[in-house]
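A short worksheet on the structure shown next.
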Number of protein chains: 2
Amino acid sequence: MKGGGVAEKQAEEKSTGRARGIDRVIALMEHLHSRRAPTRIADIARDTGTPRSTMYELVNTLVEARWLELRDGDGTVYFGPAMHYYGSDYLDSVDLIRKARVEVAHIAETVGETAQFCTLDGDKYLVVLNEPGRRMFRISSEIGIKVPIPWTASGRLLVDHMAADEIRRFIPPEDFVLPDGRRIAEDEFLEDIGRARTQGYVRTTALVDRFTTCLAAPVRDAAGRCIATICFVVPADTTEEAQQGMIDTLKASAERLSPGRP
Amino acid sequence: MKGGGVAEKQAEEKSTGRARGIDRVIALMEHLHSRRAPTRIADIARDTGTPRSTMYELVNTLVEARWLELRDGDGTVYFGPAMHYYGSDYLDSVDLIRKARVEVAHIAETVGETAQFCTLDGDKYLVVLNEPGRRMFRISSEIGIKVPIPWTASGRLLVDHMAADEIRRFIPPEDFVLPDGRRIAEDEFLEDIGRARTQGYVRTTALVDRFTTCLAAPVRDAAGRCIATICFVVPADTTEEAQQGMIDTLKASAERLSPGRP
DNA sequence: GACCGATGTCCGATATTTCGGACAAACGGT
DNA sequence: ACCGTTTGTCCGAAATATCGGACATCGGTC
């Protein structure tokens with residue numbers, strides 16, 4: 001529609017179309033991660049701007065290394081077991097994450113609701129660990145997906161060390177617009193942050209999802225700066241009493257994860 | 001030995017030392033996985049036979065993509081967060097593994113001992129999921145590490161669909177030698193397998209580790225073939241009573257994971 | 001049965017990436 | 001302060017990996 005669509009979102013290659021295999025592979029993996037589903041080789045080639053013959057060649061190599069796996073029997077590929085091994089090595093190698101796994105698993109199991117461990121990545125919010133609760137209808141974000149800070153409860157904790165105008169500069173303006181088009185007022189957002197700091201936790205309801213409430217508590221470093229959060233994702237109609245219990249649970253876990261205590 | 005060695009399975013380098021970037025990257029990641037620790041770039045280059053300048057170039061690319069991370073400030077690198085994201089995508093995409101995560105997390109939490117989910121990879125045993133228990137001294141194998149089948153309790157279940165001589169052909173002879181040099185008698189091993197099949201579980205003690213007992217139960221496909229196991233790793237002095245309870249727990253979990261039931 | 005689109009393989013040419021080696025800077029021991 | 005070792009960057013040359021396009025298959029549709 002319309003006339004002059006510019007339409008270049010990619011804009012990667014500079015001179016020629018030729019690229020290194022490794023760069024093609026990175027684009028390939030990134031693409032699979034964003035699609036989050038087994039994908040046909042030809043589609044990957046098209047969507048990443050990789051020549052078809054090159055993509056076949058690379059996929060063969062990666063399948064052999066178990067980085068990728070052929071799925072189903074239709075010609076789709078997706079991540080293979082090697083990624084799981086390498087990812088586990090990463091989790092084990094980061095002290096805070098290793099401890100957080102224990103906490104998240106524990107509170108998700110005992111409380112029975114989805115629990116998460118989150119941090120910032122640049123100016124976006126990021127779910128690092130996610131442990132689904134016992135509910136049938138799992139409410140849970142996906143690991144490794146970046147989300148605008150204002151959309152989340154945790155986001156209100158993760159920037160609470162910044163001054164007001166610092167925050168305004170830090171968060172891209174468009175990130176205050178929710179998926180449904182509503183706009184979060186910056187003042188209210190800043191108020192939330194202030195209240196969160198004094199209360200030691202945050203609660204948000206019906207932000208990204210109309211029927212979901214998020215409860216989050218801050219993990220702080222020795223200097224008191226919020227470096228991560230631990231949180232519950234629960235149905236909005238959860239009783240106030242139950243929510244209070246979860247908040248206490250979160251605060252206790254967050255405290256245990258905060259470096260600089262015995 | 002003897003004369004007639006036929007095939008080289010490796011057969012990688014043919015003429016020159018030159019290799020594709022992607023192959024060097026695969027070797028790099030494999031090396032980090034086997035070392036299981038942040039490693040200096042020069043060391044990786046030496047140990048993988050990659051030219052130093054090439055390795056630096058590749059590492060820079062991979063660090064930018066978050067596949068790798070510079071650690072500590074000394075010049076070591078290790079896996080980065082991207083691996084965790086891709087690995088999580090893999091786990092979520094495999095039906096049996098996704099269900100197994102729930103079971104393993106649940107029984108590890110409720111029983112308080114290390115629980116694992118294991119399969120075969122070729123002719124080796126492989127830990128796919130590992131959830132540490134509440135013990136101080138964590139007894140737990142590492143994810144993604146291959147182990148000879150006879151060294152493990154689960155191994156005795158995973159080959160129980162094969163005939164005796166089929167098993168003898170399947171398992172490399174050297175795999176019957178334990179880390180401490182002791183040799184597992186093939187007959188006893190085969191007996192173990194038979195007993196396991198009738199009992200519906202396996203117990204082994206002081207196999208790889210003198211003070212450790214493993215309890216394992218089979219996950220079977222619709223045809224009754226053992227496709228995976230779920231198991232506990234506990235101290236050898238755990239009371240018989242407690243072990244019986246764990247065996248029941250394992251059998252129940254394994255049953256839930258076995259495809260072909262409501 | 002002819003047509004169309006998608007899948008996977010193969011091949012030769014050339015633009016490019018790998019490689020070796022040189023170099024500067026940082027480090028550490030004596 | 002001296003010297004040997006290690007880390008990280010840079011550069012030109014040449015071996016080769018990427019690319020485009022052709023081709024053979026397969027499956028579904030009209």
Side-chain angles (χ1 to χ4, degrees), chain A residues 8 10-32 35 37-80 93, chain B residues 8 10-32 35 37-80 93:
Chain A
E8 286 307 295
Q10 297 288 53
E12 72 281 342
E13 272 87 297
K14 41 188 149 244
S15 45
T16 91
R18 187 151 182 183
R20 296 193 303 177
I22 179 64
D23 290 328
R24 298 297 194 191
V25 170
I26 290 172
L28 152 61
M29 302 299 258
E30 204 53 56
H31 186 66
L32 284 184
R35 296 236 325 133
T39 307
R40 273 174 303 135
I41 299 176
D43 291 342
I44 303 173
R46 177 174 27 75
D47 295 342
T48 58
T50 305
R52 240 161 40 83
S53 58
T54 304
M55 186 55 76
Y56 273 102
E57 161 70 25
L58 292 173
V59 167
N60 283 337
T61 302
L62 296 177
V63 166
E64 199 164 346
R66 314 287 298 269
W67 288 29
L68 297 180
E69 236 177 32
L70 294 168
R71 290 298 167 89
D72 302 327
D74 62 351
T76 65
V77 292
Y78 201 52
F79 296 108
S93 72
Chain B
E8 284 304 300
Q10 296 288 56
E12 72 279 346
E13 270 87 297
K14 39 186 146 250
S15 42
T16 90
R18 185 151 180 184
R20 296 193 302 175
I22 180 64
D23 290 328
R24 309 245 95 138
V25 170
I26 290 171
L28 153 61
M29 302 299 259
E30 204 53 55
H31 185 67
L32 284 183
R35 298 236 323 132
T39 306
R40 273 175 302 135
I41 299 177
D43 290 341
I44 304 173
R46 178 173 27 74
D47 295 341
T48 59
T50 306
R52 237 161 42 83
S53 58
T54 303
M55 187 53 78
Y56 273 101
E57 161 72 24
L58 293 174
V59 166
N60 283 337
T61 303
L62 296 177
V63 166
E64 199 164 348
R66 315 286 299 268
W67 287 29
L68 298 179
E69 237 177 31
L70 295 167
R71 289 298 168 87
D72 301 327
D74 61 350
T76 65
V77 292
Y78 202 53
F79 296 108
S93 73

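The chains referred to below are lettered A, B, ... by the order of the sequence lines, with proteins before strands, and numbering in each begins at 1. Note that this is a predicted model, so its numbers are computed, not measured.
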Write down the distance between [atom1] ([X]) and [atom2] ([N]), rounded to a whole number of angstrom.
{"X": "A:Leu58", "N": "C:dT17", "atom1": "CG", "atom2": "P", "value": "13 Å"}
{"X": "B:Ile44", "N": "D:dT6", "atom1": "CD1", "atom2": "C1'", "value": "15 Å"}
{"X": "B:Tyr56", "N": "D:dC11", "atom1": "OH", "atom2": "C1'", "value": "17 Å"}
{"X": "A:Arg71", "N": "C:dT7", "atom1": "CZ", "atom2": "P", "value": "18 Å"}
{"X": "B:Ile22", "N": "D:dT16", "atom1": "CD1", "atom2": "P", "value": "18 Å"}
{"X": "B:Asp74", "N": "C:dG28", "atom1": "CG", "atom2": "C1'", "value": "16 Å"}
{"X": "B:Ile26", "N": "D:dA17", "atom1": "CD1", "atom2": "P", "value": "13 Å"}
{"X": "A:Arg46", "N": "C:dG5", "atom1": "CZ", "atom2": "P", "value": "14 Å"}

A:Thr50 vs A:Ile44 side-chain heavy atoms within contact, under 4.5 Å: no
Assess whether a salt bridge exists between A:Glu57 and B:Arg20, defined as any Lys/Arg side-chain N lying under 4.0 Å from an Asp/Glu carboxylate O.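 Salt bridge present between A:Glu57 and B:Arg20.
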Out of [options], whichever nucleotide has its closest atom nearest the side chain of [X]:
{"X": "A:Ser53", "options": "C:dT18, C:dT16, D:dG21", "result": "D:dG21"}
{"X": "B:Pro51", "options": "D:dG20, D:dT9, C:dG20", "result": "C:dG20"}
{"X": "A:Arg20", "options": "C:dT17, C:dA15, C:dG21", "result": "C:dT17"}
{"X": "B:Arg24", "options": "D:dT7, C:dC19, D:dC19", "result": "C:dC19"}
{"X": "A:Arg18", "options": "C:dC19, C:dG8, D:dA17", "result": "D:dA17"}
{"X": "A:Glu57", "options": "D:dG20, C:dC19, D:dT18", "result": "D:dT18"}

Is there a side-chain contact between B:Thr54 and the phosphate of C:dC19, meaning an N or O under 4.0 Å from OP1 or OP2?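 Affirmative; the distance criterion is met.
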Check this for me: does the side-chain of A:Arg52 come within 3.5 Å of the base of D:dG20 through a donor and an acceptor? no
Testing the basics here: between B:Ile41 and B:Tyr56, what is the closest heavy-atom pair and its distance to 0.1 Å?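 Of all heavy-atom pairs spanning B:Ile41 and B:Tyr56, the closest is CD1-CE2, 3.9 Å.
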Does A:Gly21 or A:Asp43 map to a spot on DNA chain C nearer the 5' end, using the closest nucleotide for each? A:Asp43
Sequence-distant partners of A:Asp74, side chain to side chain donor-acceptor pair (under 3.5 Å), two or more places apart: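 A:Asp74 satisfies side chain to side chain donor-acceptor pair (under 3.5 Å) with A:Thr76 once adjacent residues are dropped.
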Mind checking if B:Arg40 touches a base, just sugar-phosphate, or nothing, with heavy atoms under 4.0 Å?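 Sugar-phosphate contact only - B:Arg40 comes under 4.0 Å of backbone atoms but never of a base.
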CA sep, side-chain torsions, deciding dist, call: A:Val25, A:Thr61, side-chain contact (heavy atoms from CB on, under 4.5 Å): CA-CA 10 Å; A:Val25 170; A:Thr61 302; over 6 Å; no
